[in-house]
Participant: 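Right, I'll just put the structure down here and ask away after.
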Amino acid sequence: KQEVTQIPAALSVPEGENLVLNCSFTDSAIYNLQWFRQDPGKGLTSLLLIQSSQREQTSGRLNASLDKSSGRSTLYIAASQPGDSATYLCAVNYGGSQGNLIFGKGTKLSVKP
Amino acid sequence: EPEVTQTPSHQVTQMGQEVILRCVPISNHLYFYWYRQILGQKVEFLVSFYNNEISEKSEIFDDQFSVERPDGSNFTLKIRSTKLEDSAMYFCASSESGGLRLVVSDTQYFGPGTRLTVL
């Protein structure tokens with residue numbers, strides 16, 4: 001069964017710290033992987049999509065890496081800010097351009113001022 | 001910036017009633033999806049839709065569910081006879097796909113969700 005796991009479930013850091021969120025998947029034959037941010041009671045905001053052929057993707061203070069062979073992706077957040085506080089979801093697509101996403105349960109990040 | 005919109009934001013219904021959740025995908029997108037998230041649980045895939053037909057559906061998407069694109073802009077999810085366990089946040093998503101820049105065209109963009117409460 002294809003599963004996505006995110007550890008830790010929750011993380012609290014002081015403002016300004018660099019941090020890494022982890023995502024692991026059981027089947028390495030992925031098509032792409034997408035990172036989202038979810039604020040309480042809100043929808044999902046797409047942060048980064050990384051294709052299976054890529055090793056990393058960057059957007060501003062965010063950097064996502066992908067290691068297919070080990071079934072892992074990380075989301076690196078530099079110089080964290082209180083506004084980064086949210087739940088971060090990792091989702092894997094095995095089905096191609098139109099494939100559905102399989103989600104992890106997320107990591108709830110709290111950045112303290 | 002274009003975005004996916006959903007209405008209503010919150011729907012309360014009695015068990016056994018029919019509900020229709022509405023979505024307006026991003027205008028040049030070709031692929032449409034419904035997902036749901038039961039409180040405290042993972043986001044789960046329900047169905048994908050392309051070229052006016054279902055591309056893929058999960059085991060959750062049984063005969064009580066249906067989807068439709070009634071016109072050029074709306075995409076709807078109908079639940080014929082709601083159950084208590086249908087209470088969840090329902091998200092619509094769309095993607096462009098088929099573009100040359102896969103990182104852009106394959107990205108799924110989500111709406112804000114409809115919170116469905118079945119009493």
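Each chain gets a letter, A, B and so on, in the order its sequence line appears, and its residues count up from 1. As the structure is a computational prediction, the values presented were derived from the model and not from experiment.
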Participant: Could you check which of A/Gly41, A/Gly43, A/Ala91 has the highest count of heavy-atom pairs closer than 4.5 Å to chain B?
Facilitator: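 With the most close heavy-atom pairs to chain B, the winner is A/Gly43.
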Participant: Give, for atom CG of B/Asp106 and atom CD1 of A/Ile50, the distance between the pair rounded to the nearest 0.5 Å.
Facilitator: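 Between atom CG of B/Asp106 and atom CD1 of A/Ile50 there are 13.5 Å.
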Participant: Please indicate whether A/Lys42 has more than 12 foreign heavy atoms, meaning atoms of other residues, nucleotides or ligands, lying under 6.0 Å from its NZ.
Facilitator: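 No, the 6.0 Å shell around NZ holds no more than 12 heavy atoms from other groups.
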Participant: Please report the interatomic distance CD(A/Glu3) to NZ(B/Lys42), rounded to the nearest 0.5 Å.
Facilitator: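 Output value for this atom pair is 5.5 Å.
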Participant: Tell me, yes or no, whether the heavy-atom count around B/Leu84 atom CG, taken from other residues, nucleotides or ligands under 6.0 Å, exceeds 12.
Facilitator: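 Atom CG in B/Leu84 is packed in, count exceeds 12.
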Participant: Can you tell which part of B/Glu44 gets under 4.5 Å to a heavy atom of chain A, answering side chain, backbone, both or neither?
Facilitator: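 When you check distances to chain A, no heavy atom of B/Glu44 falls under 4.5 Å.
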Participant: B/Tyr35 side chain to A/Leu101 main-chain N or O, any donor-acceptor pair under 3.5 Å?
Facilitator: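 Here the side-chain-to-backbone pair exists.
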Participant: What's the spacing between A/Asn100 CG and B/Leu46 CG if we round to 0.5 Å?
Facilitator: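 If we round to the nearest 0.5 Å, A/Asn100:CG and B/Leu46:CG are 10.0 Å apart.
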Participant: Any chain of hydrophobic side-chain contacts (each under 4.5 Å) joining B/Tyr31 to A/Phe103?
Facilitator: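 Yes, because B/Tyr31 and A/Phe103 connect within a single hydrophobic cluster, where side-chain heavy atoms sit under 4.5 Å apart.
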Participant: Please indicate whether B/Arg80 has more than 12 foreign heavy atoms, meaning atoms of other residues, nucleotides or ligands, lying under 6.0 Å from its CZ.
Facilitator: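 More than 12 heavy atoms, drawn from other residues, nucleotides or ligands, come within 6.0 Å of this atom.
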Participant: Dump the intermediate steps for side chain to side chain contact (heavy atoms under 4.5 Å, CB included) on B/Phe110 and A/Gln38, then the final yes or no.
Facilitator: CA-CA 11 Å; B/Phe110 280 65; A/Gln38 185 175 31; over 6 Å; no
Participant: Would you say that A/Leu44 contacts B/Gln108 through its side chain, given a criterion of any heavy-atom pair below 4.5 Å between the two side chains?
Facilitator: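 The answer is no; the side chains never approach within 4.5 Å.
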Participant: Can A/Trp35 be reached from A/Leu66 by stepping across I, L, V, M, F, W or Y side chains whose heavy atoms are under 4.5 Å apart?
Facilitator: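 Linked within one cluster.
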Participant: Could you look at A/Lys105 and say if it's the side chain, the backbone, both or neither that has a heavy atom under 4.5 Å from chain B?
Facilitator: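 Its backbone and side chain both get close to chain B.
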Participant: Is the count of non-hydrogen atoms from other residues, nucleotides or ligands lying under 6.0 Å from B/Arg69 atom CZ greater than 12?
Facilitator: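 Above 12, so yes.
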Participant: Can B/Val47 be reached from B/Met89 by stepping across I, L, V, M, F, W or Y side chains whose heavy atoms are under 4.5 Å apart?
Facilitator: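 Not linked; separate clusters.
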Participant: With a 4.5 angstrom heavy-atom cut-off, which part of B/Tyr33 approaches chain A: side chain, backbone, both or neither?
Facilitator: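 B/Tyr33 touches chain A through side-chain heavy atoms alone.
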Participant: Does atom CG of B/Asp63 have more than 12 heavy-atom neighbours from other groups under 6.0 Å away?
Facilitator: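 Counting other residues, nucleotides and ligands, CG of B/Asp63 stays at 12 neighbours or fewer.
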Participant: If you compare all heavy atoms of A/Leu89 against all heavy atoms of B/Val43, which two are closest, and at what distance to 0.1 Å?
Facilitator: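 Where A/Leu89 meets B/Val43 most closely, the heavy atoms are CD1-CG2, 4.2 Å.
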